Structures are given as C-alpha cells and as structure tokens.
Number of protein chains: 2
Amino acid sequence: MTESTKDAEYLGLLQNYYAAWHSLPSYNRLCEVLGLASRSAVSKVLNRLREAGFLDRTPDAMWVPTAHFFERSLAAFHVPAGTPDHAGEAGVEAFAVDAYLIPKPSHTTLVPVKGDSMIDAGIFSGDIAVVEQRVAAQAGDIVVAIVDNEFTIKTLDMERGKYLLRPANPAYPVIRPRGQLELFGVVVGLIRKYRS
Amino acid sequence: MTESTKDAEYLGLLQNYYAAWHSLPSYNRLCEVLGLASRSAVSKVLNRLREAGFLDRTPDAMWVPTAHFFERSLAAFHVPAGTPDHAGEAGVEAFAVDAYLIPKPSHTTLVPVKGDSMIDAGIFSGDIAVVEQRVAAQAGDIVVAIVDNEFTIKTLDMERGKYLLRPANPAYPVIRPRGQLELFGVVVGLIRKYRS
DNA sequence: TCGCTAAGTGAACATTTGTTCTCTAGCAAT
DNA sequence: ATTGCTAGAGAACAAATGTTCACTTAGCGA
C-alpha cells in the first residue's frame, strides 16, 4: 500500500487548511480546497487518509486529525555540512514538533522572554521559553525564578553551597538571592519565530 | 460586558474537548459537552464566546478557535509566594506550538543546524530551523542556501545589486556566490531543546 | 490491444445541521 | 412585590450535510 503521490498532495492541502483555521472544513469546502468536483471523491480521499493513519473520526463521526497529521518532515542532512543530494531529498523523516518540545504538557508552560539578559545563551527578547514547572533544578540549568516578585530567566549556579542566578550577558549582575530561591521551573526548550 | 463565570466554564469545557480531538464538535454534541439541553442555548454560548474573542467563524460559517482560545495565563498556575507582575503576557497552550511555528505545513521542512556560524544570531549547533521552502527572499532574511553543493544557513544581504551570504560570527567569512545563488528556503522559526 | 483496477463524477437520499422564534425560570435592583 | 434582564428550553424550519449508488475516465500490465 504505497503512499500515493496524489494523496500526499491532498494531505498537504489539508494540513495547510488546518494550520490556517485549526479545523477541518466541511465536504463542500473540501471540494474547493482539494480541487475535487464531487463530495463523494472527498469522502474517498478522507477514507484513504484515515487508512494511512493521518485522520480519524470522533464517536460522532466527525473527521479529526491524528498525531501523524501533525508530523513534519525533518531534513536528513545537516547544515552547513553534509552532502545535499537535494534532487532526491531522500531520507526525510517524520517529526512532531509538539511532542518533541513538550513531553509533559500538564507541567509545561510557555513563557515569553523579555529582555536581553540571556543573549549570550542564544535566548533573545521575543523568544518563547518552554518551561517545565518543578521546584528542583541542578546547577547549570536555565531556570525561571521568581526574584522580587518578578519572573526572570537565568542560569542556575552554585557557589559555596548557595544558589545564585547568572545572566548570560556581561551587562547584567549576578543575582544572589537573600533567602530561599523561589523556582518557577526549568527551561527545557526554546521557540523563536522570525518575521511577522 | 463582564466575562461571565459560566461562560468561562463553557470555554474550559470547549478547550478540553478541543485538546482531546483537535476539533470543535457539532451543536448536538456540544449540548452534551457543555451540559445544555437545547441547541439554541449552544448557539448563544458560542456567539458570546465569539464576542469575547475566543471563537471565530470561517467564511463557510464553521466555528473555529482563535488565538485567544489557546492562550493560557501564567496566573492560572500556582506561583509560590507572591503575585509576580508578568505584565499581562500570556502563555500559549502546548498544542498550538505547531501551528504557531508552521503556517504552511506542506512547504515547510525542519532542518537540524550544525556549526556555529550563526551564533551571534542566537542560532546554535543542535537547534532545529523551521524552513519555508521558496526561491525568493529579501535582504535581511535568514536563509538556507546551497553553496558548492552544501547547505548553509546564513543571513541574506545585498551589496551593489549582488546577493551575498553573511554569517553571524566574525570567525567566518562572508560568502559571495559566483553565479546564481541557489536558495533552499527561508528560516521562519527556530526550535531548541535543552538537556536530553 | 484488451481488460482490470482505482480515482473521480454526478445525482439521489434520509439525516442532521444551525438558526430563529416564542416561552419560562432565575436573578438583581428598586 | 414588581420590574427588567438574561440564560436556557423547546419546537419548527430551510438548508446543508455525508453517504451511497451507478457511471465515466485514466493508468497499467499482460
């Protein structure tokens, strides 16, 4: 059961539509989106995509995307090294962004980054930090801490048995908490979006 | 115009349903999900949520969640001691990450980054670049280009009408393509994962 | 060339959809 | 109490839904 080229194209169109609207359209709309003239053809396409594992149905028979639907192609080559052989573009594998970045959704929060105190660590203002909430961390972890009632992102370090928060920017001072260090969570990932 | 407590509850139920199925149910199903007996009540709830900015409709009048729908306030979490002023910034719910980063799934590839030639731009070895494949780009864009049969990620710039590729690391030279510059795509996002 | 298969068309169908209307119950303010 | 207001119930409706059927077309191998 080879994945048909045409169906892959249909899947791409569906993914684009879903990315724009966060929802799958009705059959009538699908005719336009997929470039088909009849709803019965749409029905067949959807059933094929379900058999391929990209779609599923709710108990109410509504079409919904599966985890496979959200997988993206991950280029096998590295940048800049590597041998492109880009004609084939072979060796792309599936990659689910959400599952990769957020293994524990219930304990994870996305925190917008403000300020440039971690600029040398490649964390810029406007980035979004993926924060796993927990109370314990190790020296070397990048953490979200609460200092003077404000959230701040810094590298956690230890000096003579006491924790301190180290910025990654020489223009900022090291923070040595007076009492207990209040930890919001550990930064486990980073998201950045370019352009608007 | 106060945000009703009941509506907030309805919104939560909707968010739960959406988290489970990645789709909004039909009115009949919504009656069960929201605990209402009549579809007209459902209609009113949805319209209220639209006015509050959590829902919208496609041109085909289908209900879809808006960006607000996916937002989750930091304040919703228990923060140990104190009320940090997080300046009204809000987190985004986990499953929206994918849609946030990848507006055009079918033209997007994820490319692992190797090397430190873009380190000053906050792009490190091991990061994953979100690359939108296209042939045109503007000066200032970070692009994935093909130079000497190798993929490379650099900032695109123009000098005297000719394109050149500028690294974000003084240790690397500017690349001035001899002939035509071959573009693989434009970097529209970045993903980084800390620790394993 | 002949068939075979799969993909797409177009019409018909009973259901279901979402909307609109009127009506009732609860709540708040006076 | 009475008045107003809103949330929700319930019925009625035209319109749209998704499925099924028989039919056409295109591609492929023998």
Side-chain angles (χ1 to χ4, degrees), chain A residues 1-66 68-69 88, chain B residues 1-69 105-106:
Chain A
M1 195 65 73
T2 313
E3 173 74 3
S4 145
T5 307
K6 208 66 182 299
D7 280 356
E9 186 186 322
Y10 289 146
L11 176 61
L13 291 168
L14 267 186
Q15 287 169 326
N16 285 350
Y17 186 94
Y18 191 93
W21 293 106
H22 308 279
S23 142
L24 295 174
S26 67
Y27 277 36
N28 273 349
R29 191 78 169 90
L30 278 170
C31 288
E32 305 172 29
V33 172
L34 300 183
L36 294 171
S38 63
R39 281 176 295 171
S40 55
V42 168
S43 176
K44 291 184 183 178
V45 169
L46 293 183
N47 278 297
R48 263 179 277 143
L49 288 178
R50 183 188 54 183
E51 290 195 6
F54 293 105
L55 294 175
D56 200 1
R57 318 198 70 165
T58 64
D60 322 291
M62 286 204 77
W63 288 101
V64 288
T66 66
H68 278 308
F69 186 89
Chain B
M1 203 67 75
T2 313
E3 173 71 4
S4 144
T5 307
K6 209 63 184 299
D7 280 356
E9 186 187 321
Y10 290 145
L11 176 60
L13 291 168
L14 267 186
Q15 287 169 328
N16 286 349
Y17 186 95
Y18 192 94
W21 294 107
H22 304 280
S23 136
L24 294 176
S26 67
Y27 276 36
N28 274 348
R29 190 78 168 91
L30 277 170
C31 287
E32 306 173 29
V33 172
L34 299 183
L36 295 171
S38 64
R39 281 176 295 171
S40 59
V42 168
S43 176
K44 292 185 182 177
V45 170
L46 293 183
N47 278 297
R48 264 180 275 141
L49 289 177
R50 183 188 53 183
E51 290 194 9
F54 293 104
L55 295 175
D56 201 1
R57 317 198 70 164
T58 63
D60 321 290
M62 285 203 78
W63 288 100
V64 288
T66 66
H68 278 308
F69 185 88
S106 66

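Scope of the values below: all heavy atoms of this structure, side chains included, with no hydrogens, waters or symmetry mates. Lettering follows sequence order; numbering is per chain, from 1. All of these numbers come straight from a predicted model, not from anything done at the bench.
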Discussion item. Measuring from the side chain of A/Val45 (C-beta onward, heavy atoms only), which nucleotide among D/dT19, C/dG18, C/dG8 has the closest atom?
Written reply: C/dG8
Discussion item. Without decimals, in angstroms, what is the distance between B/Arg29 CZ and D/dT17 C1'?
Written reply: 18 Å
Fill in: Between P of C/dA7 and CD of A/Glu9, the distance in whole Å
14 Å
Discussion item. Does a side-chain N or O of A/Arg57 approach OP1 or OP2 of D/dT19 to a distance below 4.0 Å, or not?
Written reply: yes
Worksheet item: For A/Pro65 and B/Trp21, which heavy atoms make the closest approach, and how far apart are they?
Response: CD-O, 4.2 Å
Worksheet item: Parallel, tilted or perpendicular: which fits the ring planes of A/Tyr18 and A/His22, with parallel below 30° and perpendicular above 60°?
Response: perpendicular
Discussion item. Taking only side-chain N and O atoms of B/Lys6, does any of them lie within less than 4.0 angstrom of OP1 or OP2 on D/dT6?
Written reply: no
Worksheet item: Please give, in whole Å, the distance from C/dA7 C1' to A/Leu46 CG?
Response: 14 Å
Item to complete: Calculate, to the nearest 0.5 Å, the distance between atoms CG and OH belonging to B/Leu46 and B/Tyr10 respectively.
Response: 11.0 Å
Practice prompt. Could you tell me the separation between the CG atom of A/Asp60 and the P atom of D/dT19, rounded to a whole number of Å?
Written response: 13 Å
Worksheet entry | Any side-chain donor near an acceptor of the partner, A/Asn16 and B/Ser106, under 3.5 Å | yes
Worksheet item: Any side-chain N or O of B/Tyr10 under 4.0 Å from OP1/OP2 of D/dG8?
Response: yes
Worksheet entry | Note, B/Leu30 side chain near B/Leu14 side chain (heavy atom, < 4.5 Å) | yes
Item to complete: Would you kindly give the CZ-to-P distance between A/Arg50 and D/dG18, to the nearest whole Å?
Response: 14 Å
Worksheet item: Do B/Glu32 and B/Arg29 sit within salt-bridge range, that is, some charged N less than 4.0 Å from a carboxylate O?
Response: yes
Worksheet item: If you take all heavy atoms of B/Leu55 and B/Arg50, which pair is closest and at what distance?
Response: O-CG, 3.3 Å
Worksheet item: Looking at residues 32-42 of chain A, who's got a heavy atom less than 4.0 Å off DNA chain D?
Response: A/Arg39, A/Ser40
Worksheet item: Starting at the 5' end of DNA chain C and moving along, which residue's nearest nucleotide shows up first, A/Lys44 or B/Ser43?
Response: A/Lys44
Worksheet item: Could you state the CG-P distance from B/Asn47 to D/dA7, rounded to the nearest angstrom?
Response: 12 Å
Response to the item:
When rounded to whole Å, the CE to P distance for the pair A/Met62 and C/dT16 reads 14 Å
Worksheet item: Does the side chain of A/Tyr27 get closer than 4.0 angstrom to OP1 or OP2 of D/dA16 through an N or O atom?
Response: no
